[in-house]
Amino acid sequence: MPAHRYDAALADTIETTWQERWKAAGTYHTPNPSGSLTEGPSNGPADLAQRPKLFIMDMFPYPSGTGLHVGHPLGYISTDVYARFKRMTGFNVLHTMGYDAFGLPAEEHARATGEHPRTNTEANIANMSRQLARLGLGHDDRRAVATTDEAFYKWTQWIFNQIFNAWFDEEAGRARPISELEAEFESGTRTPEDGTIWANMTAGDQRALINSYRLAYVSEAPVNWCPGLGTVLANEEVTAEGLSDRGNFPVFRRPLKQWMMRITAYSDRLLDDLDLLDWTDSIKTMQRNWIGRSEGAHVDFKVPTATDGDGEVANIRVFTTRPDTLFGATYMVVAPEHPLVANLTTNAWPQGTKDAWTAGAATPAEAVAEYQKVTSQRSDLDRQDNKQKTGVFTGSYAVNPVNDQSIPVFIADYVLMGYGTGAIMAVPGQDERDWEFATEFDLDIIRTVQPPADFDGDAYIGSGPAINSGFLDGMEIDEAKTAIIDHLAEIGAGEGTITTKLRDWLFARQRYWGEPIPIVFDEDDNARSIPDEMLPVNLPELIDWAPRELDEDSDPEPPLGRADGWTTVELDFGDGLKTYKRDLNTMPQWAGSCWYYLRYIDPVSEDVVADPVSEKYWMGGDDPENGGVDLYVGGVEHAVLHLLYSRFWHKVLYDLGKVSTPEPFKRLINQGYIQAYAFVDDRGMYVEAGDVVEAGDGYTYEGQTVTREYGKMGKSLKNSVTPDDMYRDYGADTLRLYEMFMGPIDQDRPWETKSVVGSQRLLQRIWRNLVDESTGELTVSDIPVPDDLNRMLHRTIDSVRTAMDALSFNTSIARITELNNELTKLDGPTPTAVADPLVRMISPLVPHVAEELWSKLGNETSVVYAEFPTADPALLVDDEVEIPVQIKGKVRSRITIAADADEATMEAAALADPRIVELLDGAEVRKVIVIPGKLVNIVA
RNA sequence: GCCCGGAUGGCGGAAUUGGCAGACGCGACGGAUUCAAAAUCCGUUGUCCGAAAGGGCGUGUGGGUUCAAGUCCCACUCCGGGCACCA
C-alpha cells in the first residue's frame with residue numbers, strides 16, 4: 001500500500017488537522033455589520049461584512065439520546081455545501097446550528113431513569129455536537145444556541161410578553177400594543193362592546209376586559225387532554241385518529257381553562273402571504289388546507305317556542321357556504337355539545353313527530369340526554385369509522401327566514417361544534433351528508449338547483465339554475481349567493497362571512513421541561529406579565545418533576561405546582577408590593593423554534609432580542625416583501641406545526657416593529673429521507689441489517705434465511721448506519737460526497753453502504769492526479785493546458801457553477817468526475833491551470849481534502865474564501881460541432897460542421913451527407929427543419 | 001372521497017424552452033498488471049434480430065398534438081404524502 005494513498009487513515013488525519021486549524025482561525029466566524037460579533041475570520045477577507053448577505057439555515061434538531069445515523073446530516077451537508085459555494089462567490093454567509101432542547105422525550109427519559117432532564121439534555125447535545133463537528137460543517141459556533149439556555153429562553157419569554165401585551169386591531173388588520181387599546185378606552189374613543197361605561201368599571205373589571213383582547217389569553221374552552229402525557233395538546237399535535245402526535249396516547253376533548261394564542265386573527269395574512277414565499281406547492285397547500293378558509297354566510301333561524309340564556313327568543317345561527325340553497329333547507333342540525341341544546345329540548349314529542357326521530361325514547365329530554373352521553377363517549381376514531389348517520393329530534397321547530405317554513409331541529413354528531421357555528425341548515429337536495437340523514441330519518445328533500453337531464457345521483461352539488469327558490473329562480477349559483485346575502489342583510493337575518501378551520505393555538509403544557517410562562521395572577525385572578533427587566537423566569541429546581549400517572553377523568557397537574565417557595569412571588573406593579581400567584585404551566589415544544597433564527601443573528605445582546613441593524617441586514621429588511629431567511633432546509637413533517645406557528649409569531653413581531661420583514665423564511669426546501677433495507681427473520685423479528693449476508697438470490701442472518709424490507713433508517717428496523725462507522729471506514733469527506741451524490745436534495749433515497757466506495761474512489765483519483773502516492777509530492781506542473789482539456793475544464797466550470805447554484809449537487813459531482821476522468825487519461829503531470837480550479841470546485845463538497853490539496857498547491861490562505869472559478873465564455877463554444885441528422889425524427893447520420901453555420905449551410909451539408917443520400921434514395925424532400933447548432937431533421 | 005407529488009436499464013439517478021434518452025456512479029462481465037490476490041488501469045454493459053454493417057423496439061398503460069414527446073394535452077393504473085362528516 002503506497003504511503004500517501006488517500007484512504008480512511010489519511011482522510012482522518014487531514015480532516016482532524018484542518019478542523020483544528022479552522023477552529024483556531026475562526027474560519028467560519030461570520031461578521032455582523034454592527035453591534036455584537038462584528039469580527040470575521042482571521043484567515044478570511046477583510047471586507048466580508050460589506051458583502052451581500054445570505055442567511056442559510058437547517059431546521060435545528062432535538063438532541064436525541066440515541067445519537068445520529070447517516071440519514072440525519074443529509075440536510076446539514078446540503079446547506080453546508082451551498083453555504084461554502086456562496087462564500088466563494090462573494091457572499092457573507094450566516095450559517096450555524098442550534099438545539100431545540102425542551103420537550104417531552106427528555107422528560108420521559110428522566111421519568112424512566114431519575115436523571116434530571118437538563119443533565120441528560122446537555123449530555124445529548126455534547127454527543128450530537130461531536131458527531132456533527134466531525135463532518136466539517138462550516139458553522140459559526142459563536143452563534144450556536146440551545147432553547148434550554150436561560151439566556152435564550154429569557155427572550156422566548158420576552159416574546160410571550162410582546163404577544164400578551166398586544167391586541168389585534170381588526171380595522172387596521174394588525175397587532176398593536178395593548179397600551180393603545182387601554183388609552184382608547186380611557187379617552188372614550190372606543191367603548192366596550194356590551195355598552196358599559198369604562199369609567200364606571202372596577203379596576204379588576206377593566207383589567208379583565210383588556211385581557212379579553214390580548215393575543216395571548218386564558219380561556220375556558222374544550223381542549224385536547226392527553227392523560228398519557230399528563231398534559232393538554234394543541235390541535236396540531238393531535239392526529240386524525242385522535243391520538244397524540246408524540247407517543248400515540250389517546251386524547252380526550254374536555255373543557256379546561258388554558259392559555260391560548262390568537263393565531264386565528266392572522267388567518268388571512270397567513271394565507272395571503274404564502275404568495276410571497278418560495279416554498280413548494282405541496283407545503284403551501286397543506287398550510288392552506290390547515291387554515292381552511294371558506295366563504296359563505298351566517299343565517300339566523302328563530303325558534304319561537306324556545307328562549308336563549310337571556311330570555312329572548314332562541315336564535316340558531318348557522319354557517320353555510322351555500323346560502324343560495326336556503327329555500328331547500330328542510331331541517332336543522334346542531335352539534336350535541338351546542339350550548340342551546342338544553343333550551344331547544346322540549347318535554348314532550350310534538351304532534352307530527354315521526355318514529356324514526358325519537359330513537360325510541362319517551363320524551364325528547366330522554367332522547368337528547370342519551371344521545372349526548374353516547375356521543376361524548378365515542379372517540380374521534382369511532383366517529384370516523386361509523387359513517388352511518390345518527391341523531392335525535394329535539395322537539396323544537398325553527399323558522400326559515402326566507403319562506404317562514406317550520407323545520408325540525410335535530411342534534412347529530414355529523415355536525416361538529418368546532419367548525420362554523422356548530423349548527424347547520426340541512427339542504428339534502430344539494431348536500432350528500434344531509435341527503436343521507438334525510439333518507440335515514442324520513443325528511444323532505446327539495447332540489448333548489450336544476451341538475452342536468454342525465455343526472456341520476458342523489459344530492460346534486462354541481463352548477464345549474466336555481467329552482468323552487470322564489471325570487472332566486474333561474475339565477476346561477478354565484479349570482480344567487482350574492483342576491484340572497486343582500487336579502488338576508490335587508491331583513492336582518494344574516495350576512496356574508498368567512499370561516500376558517502384554524503383554531504386558536506393552545507399554548508400551555510402541564511410539564512416541567514419547558515419555558516415557564518412569565519405570568520402571575522392577582523387577587524381577581526387577572527393575568528399580569530412579569531416585567532421584561534425581570535426576565536428570565538427560571539425553571540425552579542425540583543426534586544419531583546415527573547408528571548403523575550393520570551386517567552381520563554383527572555385534571556392536569558402542573559409539576560411546577562410542587563416547587564415550594566416558587567409558586568408565589570412578591571411584586572410591585574406600581575400599586576405597592578403584593579403577593580401574586582405564578583402561572584404553573586410551561587410553553588409547548590414549539591416556542592423556542594418559533595424564533596430561534598433571530599437569535600442566530602445576535603446571540604449576545606442582553607438588551608434587545610437582536611441588534612436591529614444586524615436583523616435588517618440578515619433578514620433582508622431593505623426589501624421586506626422578499627425578505628426572510630434565504631434558504632431553510634428541513635423535514636416535511638413540520639409543514640403545519642413549526643412553520644405555521646413560526647410565521648404567526650414573526651408577524652406579531654413585525655406588527656410591533658421588532659423585525660423588519662413580514663415573513664421569516666423566504667425559501668424553504670424539504671430534504672428527502674435516507675431509507676434503508678431492513679431484514680426480518682421467519683418469526684417476523686427485525687435482525688441487525690449490518691450482519692445480514694447476501695446468499696444467491698436471497699439473504700441470510702447467522703445462517704438463517706431472512707426477507708428483505710425497506711423503510712426509514714432507524715433503531716426500530718435495526719438498519720441504522722452511523723456516521724461514526726463512515727468516518728472510520730472512509731472519512732467525513734467521502735460520507736459528504738456520497739450523500740450529495742445519491743440524488744436530488746428533495747428526494748428520498750436508499751442507503752447502500754457498498755456504493756460509498758464509488759465516492760471514495762473519486763477522491764482517491766483526484767488525489768492521485770495531483771499527488772504522488774508513494775512520495776506525497778505534488779505531481780502538478782506549470783505546463784500549458786492542451787486545448788481540448790482546457791475547453792472541457794471551462795465547460796465543467798460553467799455546468800458546476802449553474803448546478804451548485806441550483807442545489808443540484810449530484811450533477812455537479814458528475815461533471816467534476818468527468819473532468820477528473822480526463823485528467824486520469826492524461827499522460828504526464830496535471831497542469832496547474834487545471835488543478836487549481838479543480839480544487840476550488842471540489843472544496844464546497846469535500847472541504848478537508850480540498851484544503852489539504854490547496855495548501856500543497858502552495859496557497860497560504862484558506863480555500864474557504866477563495867474565489868469560485870469562472871468559465872471563459874470564449875471557451876464554451878466549439879469551432880466545430882457534430883450534429884445529428886434525422887429523417888422523420890429518427891437519427892440516421894451525423895455531420896461535423898462549423899458551430900456558427902447558418903441554416904442554409906447546415907441543410908446543404910445534411911443533404912449532401914452520403915448516408916443521407918443513400919437513405920433518401922431520390923425521394924422527394926418535403927421539408928427540412930434546421931435548429932442552428934443542434935440538429936437537422938429531413939421530412940421526406 | 002378530495003388535494004399535492006411521483007413512475008426512465010439489474011440499482012441510485014441524468015436529460016435548458018419539446019430537439020441525439022440512459023450523463024455520472026454502483027453492480028456485472030472481459031482484458032492488462034500480479035506467483036496469486038487486493039488495489040489500480042483499459043474496455044463492454046437498455047432490449048431484441050444480425051457474423052458484421054446495420055436495423056426493430058424502448059421513459060407505468062391507452063389515445064392525441066407535432067417535422068420531432070421522458071418533456072405538452074386527454075383518459076387510466078400503480079406508488080408515496082397530506083386532509084377528511086369542515087356545512
For nucleotides 56-58 of chain B, tabulate all protein N/O to nucleotide N/O atom pairs closer than 3.5 Å, reporting atom names and distance.
from  : atom 1 : to     : atom 2 : distance (Å)
B/G56 : OP1    : A/R892 : NH2    : 3.2

Worksheet entry | Contacts of type side-chain contact (heavy atoms from CB on, under 4.5 Å), residue A/I445, not counting sequence neighbours | A/P428, A/W435, A/A438
Practice prompt. Could you note down all residue pairs passing ring-ring contact (aromatic ring centres under 6.0 Å, His included) where residues 796-823 of chain A supplies at least one of them, sequence neighbours left out?
Written response: none
Worksheet item: Are A/K389 and A/E436 close enough for a salt bridge, meaning some N to O gap below 4.0 Å?
Response: yes
Practice prompt. Give the dot-bracket string for RNA chain B, reading 5' to 3', where a pair is Watson-Crick or G-U wobble with both distances under 3.5 Å, ( ) marks pairs inside the strand, [ ] marks pairs crossing earlier ones, | marks a partner on another strand, and . marks unpaired.
Written response: (((((((..(((......[....)))((((((.......))))))((((....))))..(((((..]....))))))))))))....
Worksheet item: For A/S282, what residues pass the side-chain contact (heavy atoms from CB on, under 4.5 Å) criterion, not counting sequence neighbours?
Response: A/T280
Discussion item. By the 4.0 Å heavy-atom rule, please label A/G292 as base, sugar-phosphate, or nothing.
Written reply: nothing
Item to complete: Looking only at side-chain atoms of A/V757, point me to the closest of B/G27, B/U40, B/C85.
Response: B/G27
Practice prompt. State which residue, out of A/L819, A/L823, A/I842, A/T830, fulfils the side-chain contact (heavy atoms from CB on, under 4.5 Å) condition with A/I766.
Written response: A/I842
Discussion item. Once you apply a heavy-atom cut-off of 4.0 Å, does A/K825 come out as touching a base, just sugar-phosphate, or nothing?
Written reply: sugar-phosphate
Worksheet item: Got a sec, which pairs hit salt bridge (charged side-chain N to carboxylate O under 4.0 Å, His left out) with one end in residues 761-773 of chain A, sequence neighbours left out?
Response: A/R5-A/E773, A/R768-A/E773
Worksheet item: Can you check B/G27 for me, syn or anti if syn means within 90° of 0?
Response: anti
Worksheet item: Which part of the nucleic acid, if any, lies within reach of A/S759 when heavy atoms closer than 4.0 Å are counted: base, sugar-phosphate only, or nothing?
Response: nothing
Discussion item. Suppose you measure atom C1' in B/G50 against the same atom in B/A32; what distance do you get, rounded to whole Å?
Written reply: 31 Å
Worksheet entry | Pairs where residues 738-748 of chain A contributes a residue and the test salt bridge (charged side-chain N to carboxylate O under 4.0 Å, His left out) is met, not counting sequence neighbours | none
Discussion item. Applying salt bridge (charged side-chain N to carboxylate O under 4.0 Å, His left out), can you list everything that pairs with A/E818, at least two apart in sequence or on another chain?
Written reply: A/R815
Worksheet, complete the sentence: When rounded to whole Å, the CG to C1' distance for the pair A/N820 and B/C41 reads 14 Å
Practice prompt. Determine, for nucleotides 9-19 of chain B in 5'-to-3' order, which nucleotides have protein heavy atoms under 4.0 Å from the base (write B), from only the sugar-phosphate (write S), or from neither (write -).
Written response: ---BSS----B
Discussion item. Going by the rule ring pair (Phe, Tyr, Trp, His ring centres under 6.0 Å), which residues pair with A/W279 if we only count those two or more places apart in sequence or in a different chain?
Written reply: none
Discussion item. Nearest heavy atom decides the nucleotide; on that basis, is A/T817 or A/V891 closer to the 5' end of RNA chain B?
Written reply: A/V891
Worksheet item: NA contact type, A/R765, heavy-atom cut-off 4.0 Å: base, sugar-phosphate, or nothing?
Response: sugar-phosphate
Worksheet, complete the sentence: Side-chain contact check for A/K389: nearest option of B/G54, B/C85, B/C24 is B/C85
Discussion item. Is there, by distance only and without an angle test, a donor paired with an acceptor across the side chain of A/R926 and the base of B/C67 below 3.5 Å?
Written reply: no
Worksheet item: When you check the side-chain N and O atoms of A/D913 and A/S893, is any donor under 3.5 Å from an acceptor?
Response: yes
Worksheet item: A/E918 has an atom CD; how far is it from atom P of B/G55, in whole Å?
Response: 10 Å
Discussion item. Can you check the distance between B/G1 and B/A84, where both ends of the measurement are the C1' atom (answer in whole Å)?
Written reply: 8 Å
Worksheet item: What's the closest nucleotide to the A/E818 side chain, out of B/G27, B/C24, B/A87?
Response: B/C24
Fill in: N or O in side chain of A/S294 less than 4.0 angstrom from B/A87 OP1/OP2
yes
Worksheet item: Would you say B/C26 has OP1 or OP2 under 4.0 Å from some side-chain N or O of A/R761?
Response: yes
For a quick test of your reading: what N or O donor-acceptor pairs under 3.5 Å do the side chains of residues 932-940 of chain A make, sequence neighbours left out?
from   : atom 1 : to     : atom 2 : distance (Å)
A/N937 : OD1    : A/K888 : N      : 3.4
A/N937 : OD1    : A/G889 : N      : 3.0

Discussion item. Of the options B/C4, B/G25, B/C41, whose atoms approach the side-chain atoms of A/N821 most closely?
Written reply: B/G25
Item to complete: Could you work out the separation of B/C57 and B/G70 based on their P atoms and round it to a whole Å?
Response: 13 Å
Worksheet item: Listed by chain and number, what are the side-chain contact (heavy atoms from CB on, under 4.5 Å) partners of A/A493, not counting sequence neighbours?
Response: A/P401, A/L488, A/I491
